[in-house]
Amino acid sequence: MRLTNTLTGEVDELRPVQPGRVGLYVCGVTPYAAAHVGHAMSLMVYDVLVRYLRWPGNPAGGYQVLFTSNYTDVDDKVIERARESGMDPLELSERNIQQWEQEQTLLGLTLPDVRPRVTQEVESILEMIQEIVGHGLAYPTPSGDVYFRVRSKADYGKLSHRDIDQLRQGTRFEPGDEKEFPLDFALWKAAKPGEPAWDSPWGKGRPGWHIECSAMARRYLGERFDVHGGGLDLVFPHHENEIAQAEAAAGQDGTDPDAPPVFADIWMHNGMVTRDNTKMSKSLGNVVSVEEALERWGPDPIRMFVLTSHYRASNNLTDEAMAAATAGVERLTTALRPSEDWESQPDAMASTSDREIDAPDYRRRFIEAMEDDLATPRALSVLFNLARAINRAREASQDVSAAQAELRGLAGVLGLRLAQPTAEAEALLDAVALSRLAADLSVSCGGTDAASTVEALIEARQAARADRDFARADRIRDALAEAGVVLEDSAAGTRWSVRR
RNA sequence: GGCCACGUAGCCAAGUGGCAAGGCACGGGUCUGCAAAACCCAGAUCGCGGGUUCGAUUCCCGCCGUGGCCUCCA
């Protein structure tokens, strides 16, 4: 599989350090607030990567993936937010992490295998800082901070493709700054009164922002691993610093071109989500939370929205785009309907023709797209082509069950559920409103639950149609539509489903 | 100001040096009592101006526009 590698600037072949196994690290959230759809999109990209890598159908026969993603559960922002709301910082983190993990499940995201937190990894973080200091690439200050010595790392800037001089422009020393150089960044921050703090050789304090990822990735994936992912906005300075720290800990100052590879082979970055063409930001008040997105659109449409653009491109969330994504999900779902629901039944005689669906060909094209830098838009178009082939074959009374199984399987690799409307959807219906509706239309029904009321109304409509009282039949159908129930007539009867 | 992306039909979005995927919306048609679903058909000279080439949407240069990063951010 090929992936765009920010480090090399090229699309590189994934060659796992250990054959058959892939170590993946993705920068997780800083849980100072509830997650928004940007976080969801990011994780969804790596979720699809993980699903595809693990899929036995891929050319490698399925990798064993160790998926690691962290929580930076203590940092400036967490502390600041906690202070504003009078909460304990770690309690605030904990609460947001709990909510986010619940939402990840609702979104159909594969939970990372390892989910380390800064507060539980301080020991390994301190270990790494000491190594870096030991190699002369970091220094403590009189106040008890420890800074990375950027100027001593010859290849600093190699990920974001910038040089130190260029970066230096626009920076300056703050008054009272103990840094040797403006670009130096904190590995360890001396504690201020009232802040969460841990003991260290330099006094009480807490880890700086970037060091936790270097330390955790090394601890769980080893000194060298395969893929590191995150948002495009993390390239600089976060990921740049992660590399610098990891290499510095290994004693590499960037002057030896033959130094063994350390840290991630491939750096993968996903684009940002914008809302109506504007970056989501708290100050603009246009942030869409995961909670809100799940409520409005549900997991499959959100996923469809994310997958219709390439992961590196930014993705503009609009109501229209979400409506299109929702309709797309329904199209695929409809193609998976059992044939009994259709008016034409499979005809044993018809399926012998040479027009049978070439399912392996669709699978081959799907794989080709996924292998090529996770080209989900192309993979999806293969799925839509397959859906059309299924619908067409079904109209020709052919048996499409094998093709449907293929479609379901491939959609599953992308994490799409494509569930037929079920009791779960029925729960959304308002049983009281429905029975009032039945009463208004003089329809009596046996049960009081939503489903049996709907059934009774459909029966009444069928009776009206039989009497050629189409005015009444249409009145019933319109009333049901208003209640969120959509009807479809066919020779096999009337089927109904719930639409939001 | 510096670095880096992107600009393809009404909207979203792939892709390629040689007839421009797919989805949504809209229009026409088949089916249907009417719908819905499904199927068929129609719809773009790929931001603008140069250059390279037998030939460019695809490569190069310039311009315009949008976005990201350079400070916290998925």
Side-chain angles (χ1 to χ4, degrees), chain A residues 6 9 26-30 32 35-46 69 75-77 80 157 160-163 165-171 183 209 229-238 240 269-274 277-282 304-305 307-310 312-332 334-335 337 341-344 365 369 372 375-385 387-388 390-396 465 468-471 473-474 477-478 481 486-491 494-497 499:
Chain A
T6 307
V26 176
C27 283
V29 301
T30 298
Y32 65 90
H36 61 248
V37 291
H39 300 115
M41 169 187 178
S42 184
L43 261 285
M44 212 165 258
V45 165
Y46 302 104
S69 188
D75 88 334
D76 295 346
K77 240 171 191 163
E80 184 188 313
S160 51
H161 306 289
R162 299 163 206 237
D163 61 67
D165 293 333
Q166 175 204 317
L167 283 167
R168 192 183 179 176
Q169 293 172 359
T171 64
L183 258 40
W209 174 36
L232 220 32
D233 55 350
L234 293 179
V235 175
F236 188 89
H238 186 56
E240 192 68 63
H269 289 102
N270 61 277
M272 304 289 100
V273 176
T274 56
N277 263 323
T278 315
K279 185 175 177 175
M280 283 197 278
S281 91
K282 294 260 172 5
M304 179 66 76
F305 165 73
L307 300 182
T308 47
S309 72
H310 187 76
R312 288 184 62 85
S314 62
N315 208 350
N316 188 29
L317 179 72
T318 62
D319 290 352
E320 203 177 353
M322 289 310 301
T326 305
V329 168
E330 272 176 24
R331 182 170 171 74
L332 294 183
T334 303
R337 272 190 204 162
D341 283 13
W342 290 66
E343 35 194 302
S344 49
R365 283 157 54 204
D372 184 12
T376 54
R378 257 195 292 154
L380 270 179
S381 83
V382 173
L383 262 45
F384 280 111
N385 285 147
R388 168 166 290 125
I390 288 170
N391 290 330
R392 202 182 300 181
R394 185 148 47 188
E395 294 210 340
R465 290 176 75 201
R468 304 197 67 77
D469 182 359
F470 295 120
D474 291 350
R477 185 173 63 199
D478 293 345
V486 179
L487 303 189
E488 289 177 39
D489 298 327
S490 76
T494 298
R495 78 188 301 283
W496 63 277
S497 55
R499 298 279 154 80

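Values in this document were obtained by computation on a predicted structure and should not be read as measured data.
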Can you tell me the pairing partner of [N] across any strand shown, Watson-Crick or G-U wobble, with both distances under 3.5 angstrom?
N: B/rC69; result: B/rG2
N: B/rC54; result: B/rG18
N: B/rC48; result: B/rG62
N: B/rA37; result: none

Basic-acidic side-chain contact under 4.0 Å: A/Arg337, A/Glu488: yes
A/Cys27 to A/Leu234 - nearest heavy-atom pair and separation: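 Minimum heavy-atom contact is CB-CD1, 3.8 Å.
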Test item: side-chain donor near acceptor, A/Tyr32 and A/Asp75, under 3.5 Å: no
Sugar-phosphate only, base, or nothing, as touched by A/Gly38 at under 4.0 Å among non-hydrogen atoms: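 A/Gly38: base contact, heavy atoms under 4.0 Å.
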Touch class at under 4.0 angstrom, heavy-atom based, for A/Val273 against every strand present: base
Under 3.5 Å, which donor-acceptor pairs link side chains of residues 375-385 of chain A to any protein atom two or more places apart or in another chain?
unit_1: A/Thr376; atom_1: OG1; unit_2: A/Leu307; atom_2: O; d: 2.9
unit_1: A/Arg378; atom_1: NH2; unit_2: A/Asp372; atom_2: OD2; d: 2.6
unit_1: A/Ser381; atom_1: OG; unit_2: A/Arg378; atom_2: O; d: 2.9
unit_1: A/Asn385; atom_1: OD1; unit_2: A/Arg365; atom_2: NH2; d: 3.2

Side-chain N or O of A/Asn270 closer than 4.0 Å to phosphate OP1/OP2 of B/rA74: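 For A/Asn270, the contact criterion (side-chain N or O under 4.0 Å from OP1 or OP2 of B/rA74) is not met.
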Residue A/Thr30, side-chain heavy atoms: nucleotide from B/rA21, B/rA38, B/rA74 that is nearest: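 Of the options given, the side chain of A/Thr30 lies nearest B/rA74.
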Sequence-aligned protein contact record of nucleotides 23-29 of chain B, with B where the base is within under 4.0 Å of a protein heavy atom and S where only the sugar-phosphate is: SS-----
